[in-house]
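Just so we're clear, the structure is a prediction, and the values are computed from it rather than from any experiment. Chain letters run A, B, ... following the sequence lines, proteins first and then strands; every chain starts at 1.
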Amino acid sequence: MSKQQSLFDDAPAEWELDAQSQRLVATVVLGEGATGEYDYLVPEALSDRERGEYFLEVGRRVRVPFGRSNRKVVGYCVALETKLVDAARLKSVAEVIDAHALLSPAMLRLTRWMADYYLCKWGEVLEAVVPAGVRLLAGTRKVTLLAVPEDVRETMGQLKLGSPQQRKALDYLAGCGRTLTTAQLADAVGCTAGPIKQLLKKGLIESHEKRVRSGEFDEITAERESPLVLNEDQQRAFDAINAALESGEARGMVLFGVTGSGKTEVYLQAIERVVGYGRQAIVLVPEISLTPQTVRRFRARFDGVAVLHSHQSHVERHREWQRIARGEVQVVVGARSAVFAPTPNLGLIVVDEEHESSFKQDSSPRYHARDVAWQRAQAEEIPLVLGSATPSLESWYKTEQSEFARLDLPSRVSNRPLPDVVTVDLRDSAHTKFSRGAISRPLHQAMVAALRDQGQVILLLNRRGFSTHVQCPACGYVAECPACEMSLTFHRQESILRCHYCDYHEPPPVNCPDCKSPAIRYGGMGTQKLEAEVLARFPEHTCERMDTDSMRKAGSHQQVLDRFSKGEIDILLGTQMIAKGLDFPNVTLVGVINADTALHLPDFRAGERTFQLVAQVAGRTGRGEKGGRVLVQTLSPEHMAIRAAVRHDFEMFAEEDLTTRRQLGYPPFGSMIRILVRGPAEETARAVAEGLAERLKREVTGEEGIRIMGPAAAAIPKLRDHYRFQIQLQAPTLDPLRSAVQRATTRWKVPDGVFLAVDVDPWDMM
DNA sequence: GGGAGAATTCCG
DNA sequence: GGAATTCTCCCA
């Protein structure tokens with residue numbers, strides 16, 4: 001973010017001082033276009049709150065003339081101050097757009113911090129923080145209301161009017177005791193708009209504009225539930241959060257609790273306290289967990305619950321935002337962007353499943369909601385609770401450094417044991433000989449036993465489609481996406497080859513396009529093929545598949561889960577969407593078809609993700625009387641992430657992985673910025689990436705401990721016809737990296753058709 | 001010197 | 001981000 005430039009480089013000269021005067025000046029940041037802050041004069045009519053709703057205050061949007069052509073642009077008023085300025089050199093604010101501030105001064109500071117931290121424009125952050133529905137004032141319309149001015153009212157009787165209808169209209173309006181629209185007045189008097197226009201023209205009636213809501217909405221209510229009794233561990237965690245609430249300080253806490261340990265009840269009771277103080281709480285949950293049941297759980301305990309997520313209409317979101325801003329809401333439940341909810345008196349932020357990737361936004365501003373939440377908590381001096389069974393190593397390390405407190409919920413509620421987890425070594429020929437399918441002999445036998453005892457089974461396979469590659473055994477040809485050069489997946493239901501990175505698809509070949517051989521082979525296991533295998537092995541049992549392909553229709557997700565919970569489905573198989581948050585007591589077996597899918601990706605978090613996935617899917621079983629088992633099929637049973645997951649030992653995993661990360665300087669022991677350069681022309685993109693790397697290296701010469709790697713082709717080297725190159729920067733602290741990137745990219749124009757994406761604290765390394 | 005097109009500057 | 005201004009190159 002560039003510093004505010006002064007109009008004068010030096011102190012003003014004697015003659016210039018004459019032009020200075022004390023004026024009310026608004027500092028404006030543009031929503032898009034030019035970066036920087038621009039000062040405008042505030043006209044009398046907009047500075048006076050006595051003269052209507054549309055006066056200027058910090059946090060509202062304005063329309064201002066900008067540039068040499070004075071085109072009107074939208075900006076955010078970030079400061080308002082009476083100061084000595086040369087009025088002749090400033091333009092004036094043209095219009096105030098909002099009737100209420102969209103951002104409090106504290107939120108403005110938070111967005112400013114984001115722009116600095118994530119190396120993007122302040123205006124861009126502001127546009128991302130205020131939902132589009134709010135910016136567009138969705139669900140409201142402008143009406144023009146008429147009234148008789150006070151001075152006219154006094155002399156009305158003696159006035160000579162142009163027509164009897166004007167008289168009637170004026171008398172009616174003066175007598176009705178409220179303001180009316182033109183249509184209402186015309187209707188009441190039985191005239192057209194003509195006489196009313198005449199009165200307006202003569203100044204006998206005045207008009208002002210107002211925004212009104214265009215429709216009313218029903219309040220959703222849920223059946224009330226009372227708080228549960230906390231067990232000893234929950235009580236201890238609750239007490240700690242409570243102490244933090246009473247301290248009036250910003251305190252970060254990691255609520256480390258295995259799946260099923262009752263984290264939510266702790267949140268709920270802590271929020272009750274917050275509400276008791278007359279304050280609000282924000283609960284962030286991953287996008288996929290934001291289901292009707294999750295929301296119902298909060299509605300059953302609190303009166304005002306607002307929900308914010310990306311699938312809402314503009315009107316809904318605008319309505320929720322306004323309710324929150326008016327202080328009518330006690331609890332805001334939402335995905336990532338709910339961290340910006342305009343609560344007037346925030347008391348607590350909870351981030352549930354804080355390790356989830358959906359808290360990181362993958363377009364600019366590439367913020368992480370957990371980190372923004374901590375920033376907001378510090379600014380508002382309130383506690384932040386991060387809940388997870390498998391905390392991110394970033395948060396975990398903060399507890400080790402005592403920056404965050406650690407609150408443990410080591411046991412499941414009603415002391416159910418964690419399920420037994422065993423690995424099945426897929427390298428063992430005894431297993432593989434049994435069948436060429438995905439299900440090994442031990443897994444098959446475990447399924448038979450579980451189903452025989454009336455239990456339900458969950459199978460996890462993180463690959464959609466039928467077969468993951470289509471190959472000609474004669475010449476080696478592999479069907480690839482022309483836009484991404486990644487192998488195409490065969491989807492049997494639609495009978496189509498599909499690219500999983502873009503929307504490309506084509507019909508499957510009958511003969512090999514290269515050598516005309518008819519013997520095309522469909523290799524690799526996807527959920528559709530697994531489904532076929534399960535149906536073949538267990539014809540007498542019901543099986544349902546759950547992945548993004550089978551769950552296209554809205555509500556189908558919920559439908560399948562309902563049927564599964566009623567026991568109408570014996571075997572549920574699917575991608576990681578079945579690994580999260582489901583709670584079905586009758587699930588006695590979980591099978592992980594291939595635990596290694598994420599393990600060998602070129603990503604320093606590969607181990608962390610594998611551990612999380614196995615630990616989470618393991619948590620889906622053993623929630624009922626019958627207990628549960630987990631079978632993890634893997635080619636790397638000795639890998640530390642898998643060994644630790646089998647033992648339910650997060651601490652062992654964390655200790656080992658942190659040791660490796662410390663040696664290599666990876667987060668949390670160092671900071672990282674990833675820059676992706678992409679474009680349709682491979683050589684141009686490469687050249688730009690090389691040029692940028694050169695500039696970066698020049699910027700950091702002589703600085704200690706900074707590593708610049710690349711440019712290198714990204715892990716997905718081509719995507720949607722764009723060639724991708726990445727540069728990775730690492731250093732013990734972030735500041736030198738940020739300033740190097742800033743110096744290397746400001747006033748550096750990338751050629752048309754080449755795009756830069758700067759990602760601070762990247763999560764996605766592909 | 002002047003015109004066209006590219007590069008750069010600046011916007012309050 | 002876009003328009004105005006400045007720079008640069010070529011030709012006469």
Item to complete: Calculate the interatomic distance between A/Arg68 atom CZ and C/dG1 atom C1'; express it in whole Å.
Response: 13 Å
Fill in: Axial cation check for A/Trp763 ring with A/Arg609, 6.0 Å and 45° limits
yes
Discussion item. Within the 4.0 Å heavy-atom criterion, would you say A/Phe66 contacts the bases, only the backbone, or no part of the nucleic acid?
Written reply: base
Practice prompt. Tell me which nucleotide among B/dC11, C/dA4, C/dG2 gets nearest to the side chain of A/Arg71.
Written response: C/dG2
Item to complete: Nearest whole angstrom, please: distance from the P of B/dC10 to the NZ of A/Lys749.
Response: 18 Å
Worksheet item: In whole angstrom, what separates A/Asp752's CG from C/dG1's P?
Response: 11 Å
Worksheet item: What is the distance from NZ of A/Lys121 to P of C/dG2, rounded to the nearest Å?
Response: 10 Å
Worksheet entry | Other residues, nucleotides, ligands: >12 heavy atoms within 6.0 Å of A/Lys697 NZ | yes
Item to complete: Flag this pair as yes if the NZ/CZ of A/Arg60 is under 6.0 angstrom from the six-membered ring centre of A/Phe55 and inside a 45 degree cone about the axis; otherwise no.
Response: yes
Item to complete: Write down the distance between OH (A/Tyr38) and P (C/dG1), rounded to a whole number of angstrom.
Response: 13 Å
Discussion item. What is the distance, to the nearest angstrom, from the CD atom on A/Glu32 to the P atom on C/dG1?
Written reply: 8 Å
Worksheet item: Can you tell me how far P of C/dG1 sits from CD of A/Glu124, to the nearest Å?
Response: 9 Å
Discussion item. I'd like to know whether the aromatic ring centres of A/Tyr367 and A/Phe340 sit less than 6.0 Å apart in this structure.
Written reply: yes
Worksheet item: Which whole-number value in Å describes the distance from A/Phe755 CZ to C/dG1 P?
Response: 10 Å
